[in-house]
Amino acid sequence: MKKNKIILKHCPNFYNIKNYEVDEGDYISLKLINIYEDYIFSIDENNAESLKKIEELDSILNKYIEDYTFRKEIKGGLLKIRVKKDANILESIVNGIIALFDKYEEYYTRNIYFARWV
């Protein structure tokens, strides 16, 4: 029980992510939420690096829920994630999601978009 409280303390968006209403037929979002839940409860709560990674994953999935453009970008990028044969599948997918987020942030913070008012 203590482990769950520690993990949820580091994941302030847990209930927002868990209660997200997935559109019918959106299997990628459903799978992402399951991966998120499996990963955060499988880490070692005494490892500071793991706690930092779940905090980052929590903020990424919250952005996924709130930002349509980011959601579309992640869905396309998830299909390109490759997992090595002997690697931990869950860890590899989470690292891929974090890499996609970093790539997205790098690309979209460099471009400035101007809205055109008619």
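Count residues from 1 along the sequence. Every value quoted in this text rests on a predicted model; they were computed, and no experiment measured them.
You'll find the side chain of Ile60 stays beyond 4.5 Å of the side chain of Leu100, heavy atoms only. Looking at heavy atoms from C-beta onward, Leu32 lies out of side-chain contact with Lys75 at the 4.5 angstrom threshold. Residues Asn88 and Val83 have side chains not in contact (no heavy-atom distance under 4.5 Å, counting atoms from C-beta outward). Inter-residue side-chain proximity for Phe41 and Lys3 is flagged as unmet; no heavy-atom pair is nearer than 4.5 Å. Looking only at side-chain heavy atoms (C-beta outward), Lys5 and Glu45 stay at 4.5 Å or farther from each other. Between Val22 and Tyr27 the shortest side-chain heavy-atom distance does not fall below 4.5 Å.
Among residues two or more places apart in sequence or in another chain, the side chain to side chain contact (heavy atoms under 4.5 Å, CB included) test is passed with Tyr15 by Leu8, Asn19. Partners of Glu55 according to the salt bridge (Lys or Arg N to Asp or Glu O under 4.0 Å) rule, which considers only residues two or more places apart in sequence or in another chain, do not exist here. For Lys103, the salt bridge (Lys or Arg N to Asp or Glu O under 4.0 Å) test picks out no residue, with sequence neighbours left out. Judged as a side chain to side chain contact (heavy atoms under 4.5 Å, CB included), and not counting sequence neighbours, the contacts of Ile43 are Ile7, Tyr39, Ser50, Leu51, Ile54. Scored by the side chain to side chain contact (heavy atoms under 4.5 Å, CB included) test, Asp44 finds Asn46, Asn47 as partners (sequence neighbours excluded). Evaluation of the side chain to side chain contact (heavy atoms under 4.5 Å, CB included) rule for Asn13 yields Ile17, Asp58, Asn62 as partners, not counting sequence neighbours.
Between atom CD1 of residue Ile98 and atom CD1 of residue Ile93 there is a gap of 12.5 Å, rounded to the nearest 0.5 Å. One distance of note links CG of Leu61 with CD1 of Ile35; it measures 9.0 Å at 0.5 Å rounding.
Side-chain N/O atoms of Ser29 and Tyr64 include a donor and acceptor closer than 3.5 Å.
Between Ser92 and Ile81, the shortest heavy-atom contact is O-CG2, 4.4 Å. Annotation for Glu37 and Lys18: closest pair OE1-NZ, 2.5 Å, computed over non-hydrogen atoms.
Residue-environment remark: CD1 (Ile89) stays at or below the threshold of 12 foreign heavy atoms within 6.0 Å.
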